[in-house]
Amino acid sequence: MEPNNNPDISPFSMFCLKTLSPLTAQRSPGMPMDIDSPFTTTESTPQTNPARFTLFDQNSAIQGKKCTCKCRKTFCLKLYCDCFANGEYCIGCGCMECKNLPEYESERRESITQIMDRNPEAFRRTQPVTTRSCNCKRSGCKKKYCECYGNGFMCNPFCKCEGCLNIPG
DNA sequence: GAGTTTGAAACT
DNA sequence: CAGTTTCAAACTC
């Protein structure tokens, strides 16, 4: 009778119960995002401003948020690296053996290609934050381990989390 | 600051 | 594609 107090109900059910917002509103087909090419720096776009750490064009870049990773083993060329995942170069990070830098552009491209080949929407910047989902098991989606909670959003019908407490209500 | 926990990403 | 491993961040002490 009080669904918002039941932590065992799935986020999907809860979402439907509490909001019933139109799902289609979250993914409009003509979404103005360059989904197929999140890293738009090509030879046709000379890097006149190498000091910038964003990889995306200025309009789509995540502004005002400087990532500072501490990656040690991945050369900052995997999605483990927040900077890389967000399409930013590592500048001023505490990472080791970083290759997420303009001077390693070829290796970066190679990694990007590999990741995109596996999942064309892998790069977070291509997904609206609000449509991301989580698979949390132990955090109750109430810690920043949770992608949804960490981004300041409720869990959504696409989440597969267990014992979710990050629910509208 | 060191060690533990967590869940996404990567791998098999 | 499911299960396992690796990874780096979040968290705890």
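Everything quoted here is computed from the prediction, not taken from an experiment. Note on naming: letters A, B, ... go to the chains in the order of the sequence lines (proteins, then strands), and numbering restarts at 1 for each one.
- Atom pair L79(A):CG and dG7(B):P shows a separation of 19 Å (rounding to whole Å applied).
- With hydrogens and angles disregarded, a donor-acceptor distance shorter than 3.5 Å links the side chain of N166(A) to the backbone of F153(A).
- Atom-to-atom, CD of E121(A) to C1' of dA9(B) comes out at 16 Å; the value is rounded to the nearest Å.
- Taking NZ from K70(A) and SG from C98(A), the interatomic distance works out to 15.0 Å, rounded to the nearest 0.5 Å.
- Distance R132(A) CZ to dG7(B) P: 18 Å, rounded to the nearest Å.
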Below 3.5 Å between N/O atoms, which protein atoms pair up with nucleotides 7-10 of chain C? Just atom names and distances, please.
residue : atom : partner : partner atom : Å
dC7(C)  : OP2  : K73(A)  : NZ           : 3.4
dA8(C)  : OP1  : R72(A)  : N            : 3.2
dA8(C)  : OP1  : K73(A)  : N            : 3.2
dA8(C)  : OP1  : T74(A)  : N            : 3.2
dA8(C)  : OP1  : T74(A)  : OG1          : 2.9
dA8(C)  : OP2  : K73(A)  : N            : 3.4
dA9(C)  : OP1  : K70(A)  : N            : 2.9
dA10(C) : N3   : Y145(A) : OH           : 2.7

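- Every residue meeting the side chain to side chain contact (heavy atoms under 4.5 Å, CB included) condition with K142(A), not counting sequence neighbours, appears here in chain and number order: Y149(A), L165(A).
- Side-chain heavy atoms closer than 4.5 Å link hydrophobic residues (I, L, V, M, F, W, Y) into clusters, and following such links, possibly through other members, connects F75(A) to I115(A).
- Per the geometry, CG belonging to N86(A) stands 11 Å off P belonging to dA9(B), to the nearest Å.
- The interatomic distance linking N151(A) (CG) with dA8(B) (C1') rounds to 13 Å, in whole Å.
- Between K160(A) atom NZ and dA9(B) atom P there is a gap of 13 Å when expressed in whole angstrom units.
- The separation between N135(A) atom CG and dA8(B) atom P is 5 Å, rounded to whole Å.
- Distance R138(A) CZ to dA8(B) P: 14 Å, rounded to the nearest Å.
- Sorted by first and then second residue, the salt bridge (Lys or Arg N to Asp or Glu O under 4.0 Å) pairs involving residues 90-104 of chain A (not counting sequence neighbours) are K99(A)-E107(A).
- Connectivity analysis of hydrophobic side chains (ILVMFWY, heavy atoms under 4.5 Å, direct or indirect) links Y104(A) to L101(A).
- Between R118(A) and dC11(B) there is a side-chain N or O to OP1 or OP2 distance below 4.0 Å.
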